[in-house]
Amino acid sequence: MQKGLRRKDLLGLKDITKEEIELLLETAFSMKEVLKRPIKKIPTLRGKTICFMFFEPSTRTRSSFELAAKRLSADTINVSSSQSALLKGETVLDTLLNVDAMGIDAFVIRHASSGLPHFLSRHTNASIINAGDGMHEHPTQALLDMMTIKEKFGKIEGLNVLIAGDVRHSRVARSNIYGLLKMGAHVRLFGPPPLVPREFEKLGARVFYDKNKALDGVDVVMGLRIQKERLKESFFPSIREYRKFFAITPDDIEKLSDNVLLMHPGPVNWGVEMDYDIMKVKNNVILEQVTNGVAVRMSVLYHLISGERDNEEDIN
Amino acid sequence: MKKILIKNAKVLDFEKGKEILRDVLIEGDTIVDVKESVLDENAEVLDIEGKYLFPGLIDAHAHFREPGEEYKEDIKSGSRAALHGGVTTVLAMPNTKPPLDSRAMIDFVIERAKEAGYAEVLPVGTITKGREGEELAEIGDMKEGGAVAFSDDGSWVRNSSVMRRALEYSIAFDTVIISHAEDSSLSHGIAHESVLSYEMGLEGYPAQQEEIAVFRDIKLAELTGGRLHIAHVSSSGSLKIIKDAKERGVNVTCEVTPNHLLLAQEEIDLFNPLYKVNPPVRSRNDRASLLNALKDGTIDIIATDHAPHNWYEKETDFNSAPFGMISLDFYFSLLYSELVSNNKLSLFDLVAAVTYKPAEIFKLKDRGRIAKGFLADLVVFDPRKEFVITEEFIRSKSKNTPFLGKKVKGSFVKVIKKGRVLDIEEI
């Protein structure tokens, strides 16, 4: 753990290198060892303070980050949209500046607006960790997905990974596309065309509209949630028809090799993008992803907060 | 009446396509003589030593936010920014709060601009009452009061029947209907739809959102014979539709903004709200088409779409920020510096697009040219003088432009408004 990430923020996987991803994963595996100990706490970030600013609902990401921070002995505070002065009309920037003035080392931010963490990062010397910005990126989710894949296959390079569902609105999909391609995997996308626009091929992924072709020869199937809250228009006729043509079912998985991994970032809409019976599929690693999430977030917090930075990244 | 003799002015002879030296004699607010050499012992002499003398600029598209949002801009600050940018006549868009949809509102704007005493402000009235797209506003009465065109700017008149009646009705008053061509039923995007918008997770709106609207309005202009002007054209697809319509003799003109002539999506920080504008900054390909269309006459004029917003409204994330950029204070210099100096556009095409061509479209018969009998609205331009676009330079109340900090070469040094000579610094 001598090598540093030398960066202030983790805003996305588009702008980070393969080496940085490898370093973060390597550290995450070490952190996972810590989590297996009877005493799951190390003093690495003692005296550091992390602020969680979640402006969208979250169960997994938020508790995972909070647990990661506590495992590293950091102090944590929370600012949420429902309990803060945002309800009184305070802007997100003012909220950040005010909390920052109390002495914060890192902010973990989730917001419905793409680019909000990037905007805030220009106004603080604290580290900004993107915990999901609109339809843009969710880097720690993709890191934990890659960790899970690496754990199972011992590698990422050369694997065929299918991302199925609402790619259009998915920050998880975008971060995974960037990350997996950098690590040498082949990325396939599958779903109804309005939710999986052809433009994504220009990012280096292959787009499929036929389920059988999409699944042929895959090593990993990653389901994505149909984001009902972002579907302002009609992107497909009905949930019924979606299930008929686009949901991943146990039958689909059965046809594939025994080693195929089934993943989902959660929360799952059971009976929509995935059949509930899929939980019975042998290689379903949905809960292992959650476990790895804590380790990955410990790795990210450790590198950003205790690591050195290149000076030019500091503001002022 | 006071006489001023401008000596050694380099003026553009559009008929011959040549730069020529002229003396220009002004009496009161009117140009009374333009010759190689004018002598008049009673005139005050202003020797401009071979610098350019252009007609005062006419900007066909500005938002002055008064009444309703005076914290962004008001008629005084907006018309001052205009004059500071060489604009002696400016068309004020009616999407104020409340909108300029009645004679009383038109009278108010004209009165306020006269009190301010900077650029002349010619109001544009709304097409429909309340700018709601349903019932026609009193176009005739507003025209009589001084409105020079009609637009529901900010919104497209979505109902085809209403737009048809507007174009028909306008014929009786010999006026122009301006279309904010945007079929927003296609999307609620905030960035030009492309691989980049998908990549950045910004809701995209495709060029077709504009092209569909352009096509319908041209069909209605064709049906009715009314005069249609399309605001802020931004896509190469729209240009093809407009070019085809012009070739068929449809009564249609259009404008492009400096922003769309200069910016391309591939080259900007997509998360920076200073670049958020409607229509959006489109592709390099669109930008190249716009420039070509300006040269071949498919695009008639350049209009600023000066859209002021207070700093804190832009100091936020891209989603939350409002659309719009300012440019009245500096757009001519910026275009000169970026396009004319680099031989991408001729000085003749640039000056035509901001002077006599807008005068023709909006039937401003007393301005837009340097000729006997025209208003003495003139600007003196020094192509060698450099300046930096700073907050201090900008006279607009708002500073929302991505060109802040940009150094430009070519500056106005004097503005003459109806015979009154002003140094640029004193505006």
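Note that this is a predicted model, so its numbers are computed, not measured. The sequence lines fix the lettering, A, B, ..., with proteins before strands; numbering per chain opens at 1.
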Exercise for the section: Measure A:L93 against the heavy atoms of chain B and call it side chain, backbone, both or neither at under 4.5 Å. Expected result: side chain
Fill in the blank from the handout: The interface call for A:T91 against chain B, heavy-atom contacts under 4.5 Å, is neither
Problem - Heavy-atom pairs under 4.5 Å with chain B, option from A:G12, A:S170, A:S113, A:G115 with the top count - result: A:S113
Handout entry: Pairing of A:K202 and B:E199 as salt bridge, 4.0 angstrom limit
Key = no
Handout entry: Note: B:K129-B:E135 ion pair, threshold 4.0 Å (strictly below)
Key = yes
Handout entry: Heavy-atom pairs under 4.5 Å with chain B, option from A:K14, A:E137, A:H118, A:H136 with the top count
Key = A:H136
Handout entry: Polar side chain donor-acceptor pair, B:E193 to B:S197, under 3.5 angstrom
Key = no
Handout entry: Aromatic A:F54 / basic A:R110 pairing, under 6.0 angstrom, 45° off normal
Key = no
Problem - Donor-acceptor side-chain pairing of B:S289 and B:N292 below 3.5 angstrom - result: no
Problem - SB check B:K72 B:E313 (cutoff 4.0 Å) - result: yes
Completion exercise
side chain to side chain donor-acceptor pair (under 3.5 Å) with B:E211: of B:S236, B:S238, B:S235, only one passes, and it is B:S235
Problem - Which portion of A:P197 sits near chain B, non-hydrogen atoms under 4.5 angstrom - result: side chain
Completion exercise
Against chain A, residues from residues 257-276 of chain B with at least one heavy atom under 4.5 Å, in numeric order, are B:D269, B:F271
Exercise for the section: Using a strict 4.0 Å threshold on nitrogen-to-oxygen distance, state whether B:D74 and B:K397 make a salt bridge. Expected result: yes
